[in-house]
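What follows is a short report on a single structure.
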Amino acid sequence: MNNTKIWLSSPHMGGNERNYVQEAFDTNWVAPLGPNVNGLEEDLESYLRNQSFVGALSSGTAAIHLGLILLGVKAGDEVICQSMTFSASANPILYLGATPVFIDSEPETWNICPIALEEAIIDRIANGKKPKVIIAVHLYGVPYKIEAIKAISNKYAIPVLEDSAEALGSSYKGQQCGTFGDIGVLSFNGNKIITTSGGGAIVTPTKALKDRAVFYATQSRDIAPHYQHSEIGYNYRMSNICAGIGRGQMEVLDDHVALRRNMNAFYVALFKDIQNVTVFTTPNDDYYANYWLSAIIVEPNLFDDINRETLRLAFEAANIECRPLWKPMHLQPVFEIYPYYGTRVAETLFEKGLCLPSGSNLTDEDRNRIESVVTFFFKTT
Ligand SMILES: *Cc1c(COP(=O)(O)O)cnc(C)c1O
């Protein structure tokens, strides 16, 4: 039997990427600017229904860093951040010398808990410091509680940085993820729903804010014939070569969303009769998830030696990559000294949760191999 590795989420080219890259070579636009960069920005703006402006950057992390700068974060400030996320959501807080304040998840969307969020804001204000920004994440492409978070943001006048790195193609009540925050962030890293090999974008509500982001991303050059700088700059613009890959990927984005949603439906059917496992799905039809990654919760059964880790190892033995959910930031050695508000929702999810192969390029044969592992594991353990 074919035993090649089945990945969690691997790059999936549509076909036209090479043409855009070839054109960049043919016209010598081998630089961090050019027609593909502008083209990708326009493609994204139209995908986001022309509600926002998009600046293409070298990574999603760069977009978060610039987003925090645009929202006025300075050294010594406090920034609220969903604890259960990838470290890139939180690292830029530290780049700026600010302090992260981590918030638990709520059980329905696994994202930032509105109750713990408000509790934290009240407590930080009582301690003498009002948080500057709220970083909320659409984990695995499932939108966070948009209305509840927006209401708290409005009530306390604290802007939201929407980390939509995993959620391009997801929407809430018909509005695209990436357009809900005061600033939005997208990622095109190699494992994301579309990739530029590495890259990201900042999404802003105004053209002025986008221009400001691009200014910082290109070393904060003042207008002058020589190199003149009044502010600290960054080298964060996207390469025209990478943007060419992105333009090809935009042509297949909706197909990729449909295929990842099919993977999620495959898992729902596969685990339907298995008591110990629940597949992570949206709470109701207001939420439309791209299901960038499909994830499950494994309720441990001591008697049968069923738990998240034994299942993961069974997949690993069959050369199938699975991974525990994001380990919450407040449990990470590098972040554990910072404040945390919540109970143990994120911790419990981390203990019991597993991400399964979710790529848009998985085949029937791959699905058969996954199914065999599951069938064997739950019948014989
Ligand atoms: C991937 C990811 C990022 C970072 O994006 P890069 O393009 O890899 O820098 C940020 N936040 C979340 C939640 C992510 O999954």
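Every number for a ligand or one of its atoms is a count from 1 in the order of the listing. All figures in this text were calculated on a predicted structure; none of them were measured in a lab.
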Strictly under 6.0 Å, is that where the ring centroids of Phe280 and Trp110 end up?
->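 So the answer is yes for these two rings.
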
Please identify each residue that fulfils side-chain contact (heavy atoms from CB on, under 4.5 Å) with Gln228, with sequence neighbours left out.
->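 Checked Gln228 against side-chain contact (heavy atoms from CB on, under 4.5 Å); matches are Asp222, Ala224, His226.
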
Any chance you could lay out the salt bridge (charged side-chain N to carboxylate O under 4.0 Å, His left out) test for Asp77 and Lys74, step after step, and finish with the verdict?
-> CA-CA 6 Å; Asp77 286 341; Lys74 302 237 157 45; over 6 Å; no

In chain order, what residues pass the salt bridge (charged side-chain N to carboxylate O under 4.0 Å, His left out) check against Lys150, with sequence neighbours excluded?
-> none

Considering only N or O atoms, set out every pair between ligand 1 and the protein closer than 3.5 Å, with distances to one decimal place.
from	atom 1	to	atom 2	distance (Å)
ligand 1	5 (O)	Ser187	OG	3.2
ligand 1	7 (O)	Gly60	N	2.7
ligand 1	7 (O)	Ser187	OG	2.7
ligand 1	7 (O)	Gly199	O	3.4
ligand 1	8 (O)	Asn189	ND2	3.3
ligand 1	9 (O)	Gly60	N	3.3
ligand 1	9 (O)	Thr61	N	2.9
ligand 1	9 (O)	Thr61	OG1	2.5
ligand 1	11 (N)	Asp163	OD1	3.3
ligand 1	11 (N)	Asp163	OD2	2.7
ligand 1	15 (O)	Glu166	OE2	2.6
ligand 1	15 (O)	Lys192	NZ	3.2

Residues sharing Ile149's hydrophobic cluster, by side-chain heavy-atom contacts under 4.5 Å among ILVMFWY, directly or via others?
-> Ile80, Val101, Ile103, Ile112, Leu117, Ile121, Ile122, Ile125, Ile134, Tyr144, Ile146, Ile152, Tyr156, Ile158, Val160, Tyr172, Phe180, Tyr287, Tyr341

Ser83: which of Lys327, His330, Gln332 passes side chain to side chain donor-acceptor pair (under 3.5 Å) |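 The side chain to side chain donor-acceptor pair (under 3.5 Å) with Ser83 is passed solely by His330 among Lys327, His330, Gln332.
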
